[in-house]
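First comes the structure, then the notes that go with it.
The chain is numbered in sequence order, starting from 1.
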Amino acid sequence: MVGWIILGVVGFIVLLLVLLFTVHAYITIDLKDDFALTIRVLGIPIHILPSKPKKYKIKNYTLKKIRKRDAKAAKAKIKKAEAARKKAAEKAKKKAEKKEAEAKLSKAEKRAMKRAKKAKRPKLTEFIPLTARVAKLFFSRFFGKIHITVARLNIRVGGADAMAVAMTYAVITNSLGYLIKILQKICYVEDLKKAEITVYPDYTLTGLAFDCNLTFRVSLGNLVGAALKAGFSFLNGYMKIKPDPNHPAPTIKPPLPPEIPKTEFPSPSEPPMPPDAPTPPAP
């Protein structure tokens, strides 16, 4: 019996890993009159936006049910207020205890505590580059596996006058071309030749109007793998830059600036002689 349970657990884990690394999630953005966001996994669509209108049933609005809901809401309100009061009391108690403990310390002890607390945190000059490296690793792995399908991308350009429309049209046309080239370098852009991509001026508008349909396809395993790799990289890097209170790193002072060489200038009363001038005779 135990063997069958172990076999079932192992089979479930293997099946979960297979699904995780083979099943793709499709995220579709459709923008025309309204913004629509749909996620499809295993062929099952999940509509995120726009939210479905709430359906009202008349049978849920009898006097008895209304009073029951009101009593439940009042009870929840009292419970929430009581929890907030307890939390505020605990916070005030901890603050008072901390203030009382700090009042017993001398200025030297307070400065020592601040220095010890500061010494436990890594320096910003090391933490910021680490964060930048981890972010670059995550986005390179994530966007390197993502597939984008452009069904349509229509942009209508309007403006206050004809000159503004022409300038905005030129900027958007050039920017769109560069954006597509950048996307093709960092991820997979599919069926671009079949896509409906247009940018045209519309003098009846005062701004921009978009009509687009984009689908992003990504494997759940790729997303989890990118997150895990970035997480391990961050932990590894953080452990390297985390200061050790027992063995503090020596403070490295910046090098002194080089000394300015001394240059002897001639006296204002004696102008400099050219190099090929004859030497005046001695008096």
Side-chain angles (χ1 to χ4, degrees), residues 13 16-17 19-29 31 35 37-41 46 48-49 87 90-91 94-95 98 102 109-150 153 171-172 174-190 192 210 212 214-257:
I13 294 174
L16 183 63
L17 291 175
L19 290 176
L20 187 63
F21 285 93
T22 57
V23 173
H24 289 81
Y26 296 82
I27 304 170
T28 302
I29 297 175
L31 177 60
F35 180 81
L37 176 63
T38 304
I39 299 176
R40 191 170 75 255
V41 180
I46 303 172
I48 307 299
L49 293 173
K87 187 176 180 180
E90 290 178 359
K91 187 176 180 181
K94 288 182 180 179
K95 188 176 181 180
K98 183 179 179 181
E102 289 179 352
E109 290 175 339
K110 290 180 181 180
R111 286 195 295 267
M113 287 180 63
K114 287 183 179 180
R115 285 195 298 266
K117 188 176 181 181
K118 188 177 180 180
K120 293 180 180 179
R121 297 193 298 263
K123 297 179 181 179
L124 286 178
T125 54
E126 297 175 341
F127 186 77
I128 292 177
L130 172 63
T131 307
R133 290 196 303 269
V134 171
K136 182 179 179 181
L137 175 64
F138 174 78
F139 286 111
S140 62
R141 288 189 60 85
F142 175 70
F143 284 104
K145 300 294 183 179
I146 197 170
H147 296 251
I148 302 176
T149 303
V150 182
L153 178 58
V171 170
I172 290 179
N174 295 330
S175 301
L176 186 61
Y178 285 120
L179 177 62
I180 292 175
K181 289 181 180 179
I182 292 172
L183 288 176
Q184 287 177 330
K185 287 183 178 181
I186 63 176
C187 58
Y188 299 96
V189 182
E190 300 176 346
L192 193 59
F210 297 90
C212 64
L214 307 174
T215 300
F216 301 87
R217 176 168 63 90
V218 62
S219 172
L220 300 178
N222 291 331
L223 179 60
V224 174
L228 290 176
K229 189 162 186 177
F232 284 123
S233 177
F234 179 80
L235 290 176
N236 187 23
Y238 185 82
M239 294 304 295
K240 289 181 180 179
I241 67 174
K242 184 179 179 181
D244 187 2
N246 299 324
H247 301 86
T251 303
I252 301 176
K253 295 183 179 180
L256 296 175

Response to the item:
Residues Leu137 and Ala230: closest non-hydrogen pair is CD2-CA, 4.2 Å
Worksheet item: Quick one: does Val23's side chain get under 4.5 Å of Val41's, heavy atoms only?
Response: yes
Practice prompt. Please step through side chain to side chain contact (heavy atoms under 4.5 Å, CB included) for the pair Ile29 and Thr38, ending with a clear verdict.
Written response: CA-CA 7 Å; Ile29 297 175; Thr38 304; over 6 Å; no
Worksheet entry | Side chain proximity check, Phe142 to Asn222, heavy atoms < 4.5 angstrom | no
Item to complete: Using modelled atom types only, decide if a donor and an acceptor are shared between the side chain of Ser175 and the backbone of Val171 within a distance under 3.5 Å.
Response: yes
Discussion item. More than 12 heavy atoms of other residues, nucleotides or ligands under 6.0 Å from CZ of Phe35: yes or no?
Written reply: yes
Worksheet item: Does a side-chain N-to-carboxylate-O contact under 4.0 Å join Glu190 and Arg217?
Response: yes
Practice prompt. Look up atom CZ in Phe234 and atom CZ in Arg133, then write down how far apart they are to the nearest 0.5 Å.
Written response: 10.5 Å
Discussion item. Using side-chain heavy atoms (C-beta onward) and a distance below 4.5 Å, is Ile182 in contact with Lys185?
Written reply: no
Worksheet item: Between CD of Gln184 and CG of Leu179, what distance do you get to the nearest 0.5 Å?
Response: 10.0 Å
Worksheet item: When the ring planes of Tyr238 and Phe127 are compared, do they come out parallel, tilted or perpendicular, using 30° and 60° as the limits?
Response: perpendicular
Response to the item:
In this structure, OH of Tyr26 is separated from OG1 of Thr149 (nearest 0.5 Å) by 8.5 Å
Item to complete: Work out which heavy atom in Arg141 is nearest to a heavy atom in Ala226; give both atom names and the distance.
Response: CB-CB, 4.0 Å
Discussion item. Do Phe139 and Ile186 make a side-chain contact, defined as non-hydrogen atoms from C-beta onward lying under 4.5 Å apart?
Written reply: no
Worksheet item: For the atom pair CD1 (Ile27) and OG1 (Thr215), what is the distance rounded to the nearest 0.5 Å?
Response: 10.0 Å
Discussion item. Testing Leu183, Ile146, Ile180 one by one against Val189 for a side chain to side chain contact (heavy atoms under 4.5 Å, CB included), which residue passes?
Written reply: Leu183
Item to complete: Can you measure from CZ (Phe138) to OG (Ser233) and round to the nearest 0.5 angstrom?
Response: 12.5 Å
Discussion item. Let me confirm one number: the CG-CG distance from Leu31 to Leu37, rounded to the nearest 0.5 Å.
Written reply: 11.5 Å
Discussion item. Is the shortest side-chain heavy-atom distance between Leu130 and Ile241 below 4.5 Å?
Written reply: yes
